[in-house]
Amino acid sequence: MPVEPNLRQNVAALLLAHYDRHARSLPWRAPPGSRNLPDPYRVWLSEIMLQQTTVAAVIPYFDKFTTRWPTVAALAAADEAEVMAAWAGLGYYARARNLIACARAVTQDHEGRFPDTEEGLRALPGIGAYTAAAIAAIAFQRRAVVVDANVERVVSRLFALETPLPASRPLIREAADAITPQARAGDFAQAMMDLGSSLCVPRNPQCLLCPLRSCCAAHREGRAEAYPVKAPKKDKPHRLGLVWWLERLDGHVWIERRADTRMLGGMAGLPDSGWDKGIARDAPPVAGEWVVLNRPVEHVFTHFRLTLTVQRLRVPAEAAPESPGQWWPLDRIGEAGLPTLFAKVARAVMKAGDD
DNA sequence: AATCCGTGGAA
DNA sequence: TTTCCAAGGAT
């Protein structure tokens, strides 16, 4: 990857100048012009939430979490079920389990302060190569090479990389290293990500407004949108499953906590069959005249589509399954912390009424 | 190394 | 409607 000596200076200078005028205002960023460094806790929390998740989706969760748990010590002391419920709807629930584990590790093993090096950060649960580099650069002003999907796209275009992703990752990293400045690496990383989300977008990139167009090989070719080249993806299989809505006549529904090792692990859920590959249960939580809802619930996960048949049973107030779980009041079902799949089931049951 | 993990918005 | 995709990590 030959990178002209002055290209590094040019890219960083052009991008940082643009960033100084156009940086987005985000809740986890220090105010523009502020001398204060951003709070590592807030940087960390935002980076975990932003993994594979859009800024718009994250902001309300970030506000909720920082209001409720303003410090890493507060989060470490929080009740696990409350944290999981607060995360409900944001997806990728292993992040929430690792979030708790990481907060506790920082509090117990690091005197309440986040490590200030990539290596130290990388050793914490839920922090991988990207997040370690991002926190080191943004919160601790370290020179780190921060490569996320935005950077992959911007770099692929800057250098017109013909090698398809993911095979091009080593090349991309090398190129990103070459253009990352010694100073302001955190601003540079955020500037690259702002660029990737505003101008250098996947479709219909706004090259005429881009501060890097004079350096960009893809733009020179007139085919920025052709990059990054990607390997073809596999199509999604379709799975079927059953879910059991067990309702008590006094207005409660039976809710269980899902095992950590399952999909939606650690979250509240309804009893279901083993649609997530493998063991759950092949019989309803109690025997009875279960009634099938007319409309199944459709849901799409990252790697498969799911059609969930809903069965409903109403039981007297003294009934209870043998399995672990709890009765949850229907008029507070919104606070049960159900992930979206089961929230959809609840909506479907409510809508079905007494059919 | 390839696969598994959620969700919702945009086009 | 379908497809794509987002500040990735763990195994």
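Worth knowing before you read on, the calculation uses all heavy atoms, side chains too, and leaves out hydrogens, waters and symmetry mates. Chain naming here is simple, since letters A, B, ... match the order of the sequence lines and numbering starts at 1 in each.
Taking atom CG of A:Asp235 as the reference point, atom C1' of C:dT2 lies 13 Å away to the nearest angstrom. In this structure, A:Tyr92 places its OH atom 13 Å from P of B:dG8, rounding to the nearest Å. Spacing between atom CZ of A:Phe304 and atom C1' of B:dG6 amounts to 10 Å, rounded to whole angstrom units. Atom P of nucleotide B:dG8 and atom CZ of A:Arg305 are separated by 18 Å, given to the nearest angstrom. The CG-P distance, from A:Leu165 to C:dG8, rounds to 13 Å in whole Å. A:Asn204 has its CG atom 15 Å from the C1' atom of C:dC4, to the nearest Å. One can place CZ of A:Arg262 at 15 Å from C1' of B:dG6, the figure rounded to the nearest angstrom. In this structure, CG of A:Leu306 is placed 12 Å from C1' of B:dG6, rounded to the nearest angstrom.
Using a 4.0 Å heavy-atom cutoff across all strands shown, A:Ala134 reaches no nucleic acid atom at all. Residue A:Gly196 is out of contact with every strand shown, counting any heavy-atom pair closer than 4.0 Å. Contacts of A:Trp44 with the nucleic acid, taken as non-hydrogen atoms under 4.0 Å apart, are absent. Here A:Arg97 lies out of heavy-atom contact (under 4.0 Å) with every strand. Among the atoms of the strands shown, none is found under 4.0 Å from any heavy atom of A:Val151. Residue-level contact check: A:Arg169 touches neither bases nor backbone, having no heavy atom under 4.0 Å from any strand. A:Ile127 comes within 4.0 angstrom of the backbone, heavy atoms only, and of no base. If you check every strand for non-hydrogen atoms under 4.0 Å, A:Ala56 touches nothing. In this structure, A:Leu26 reaches the bases: a heavy-atom distance under 4.0 Å links it to at least one base atom across the strands shown. In this structure, A:Ser46 reaches neither bases nor backbone, as no heavy-atom distance under 4.0 Å exists between it and the strands shown. A:Thr302 comes within contact range of at least one nucleobase, with a heavy-atom separation under 4.0 Å. Note on A:Met193: a base of the nucleic acid sits closer than 4.0 angstrom, heavy atoms only. Residue A:Lys236 is classed as having no contact, given no heavy-atom separation below 4.0 Å to the nucleic acid.
Rounded to the nearest Å, the gap between the C1' atom of B:dG8 and that of C:dT1 is 16 Å. Comparing C:dA10 with B:dA1, their C1' atoms sit 13 Å apart, to the nearest whole Å. A gap of 15 Å separates the P atoms of B:dA11 and C:dA7, to the nearest Å. Rounded to whole Å, the P atom of B:dG6 lies 22 Å from the corresponding atom of C:dT3.
Between A:Leu124 and A:Trp28, the one whose closest nucleotide on DNA chain C sits nearer the 5' end is A:Trp28. Mapping A:Gly126 and A:Val55 onto DNA chain C via the closest heavy atom, the residue that lands nearer the 5' end is A:Val55. Between A:Pro166 and A:Phe301, the residue anchored nearer the 5' end of DNA chain B, judged by the nucleotide with its closest heavy atom, is A:Pro166.
The side chain of A:Leu264 approaches B:dT7 more closely than any other nucleotide in the set B:dT7, C:dC5, C:dA7. Relative to the side chain of A:Arg153, the nucleotides C:dA10, C:dA7, C:dC4 differ in distance, and C:dA7 lies closest. Closest to the A:Lys233 side chain, of the nucleotides C:dG8, B:dT7, C:dC4, is C:dC4. Each of C:dA7, C:dA10, B:dT7 was ranked by its minimum atom distance to the side chain of A:His299; first place goes to B:dT7. Residue A:Thr131 places its side chain closer to C:dG9 than to any other of B:dG6, C:dG9, C:dA7. Minimum atom distance to the side chain of A:Tyr130 is reached by C:dG9, of the listed C:dA6, C:dG9, B:dA10. Of the candidates B:dG8, B:dC5, C:dC4, the closest approach to any side-chain atom of A:His303 belongs to B:dC5.
Residues A:Glu82 and A:Lys64 are not paired through a salt bridge, judged by the lack of any N-O separation under 4.0 Å between the basic side chain and the carboxylate. A:Glu225 and A:Arg153 are not joined by a salt bridge, as no carboxylate oxygen comes within less than 4.0 angstrom of a charged side-chain nitrogen. Using a 4.0 Å cut-off between charged side-chain N and carboxylate O, A:Arg169 and A:Glu152 make a salt bridge. A salt bridge links A:Arg184 to A:Asp187: at least one charged side-chain nitrogen sits closer than 4.0 Å to a carboxylate oxygen. Between A:Arg314 and A:Asp250 no salt bridge is recorded (no basic side-chain N to carboxylate O distance below 4.0 Å).
A:Arg248 forms a cation-pi arrangement with A:Trp327, by the criterion of a distance under 6.0 Å to the ring centre and an angle within 45° of the ring axis.
When the side-chain nitrogen and oxygen atoms of A:Gln52 are compared with OP1 and OP2 of C:dG8, one or more of them lie within a distance under 4.0 Å. Distances shorter than 4.0 Å separate none of the side-chain N or O atoms of A:Lys230 from OP1 or OP2 on C:dC4. OP1 or OP2 of B:dG8 has at least one side-chain nitrogen or oxygen of A:Thr340 nearer than 4.0 Å. Contact check, A:Arg122 against C:dA10: a side-chain N or O comes under 4.0 Å of OP1 or OP2.
The hydrophobic clustering, which links ILVMFWY residues whose side-chain heavy atoms are closer than 4.5 Å, places A:Val345 and A:Leu246 apart. Under the 4.5 Å side-chain contact rule for hydrophobic residues, A:Phe140 and A:Ile138 share a cluster.
Relative orientation of the A:Phe114 and A:Trp44 rings is tilted, given thresholds of 30° and 60° on the angle between their planes.
Applying the 3.5 Å distance criterion, the base of C:dA7 shares a donor-acceptor pair with the side chain of A:Arg24. Remark: the A:Thr54 side chain and the B:dG8 base include no donor-acceptor N/O pair separated by less than 3.5 Å.
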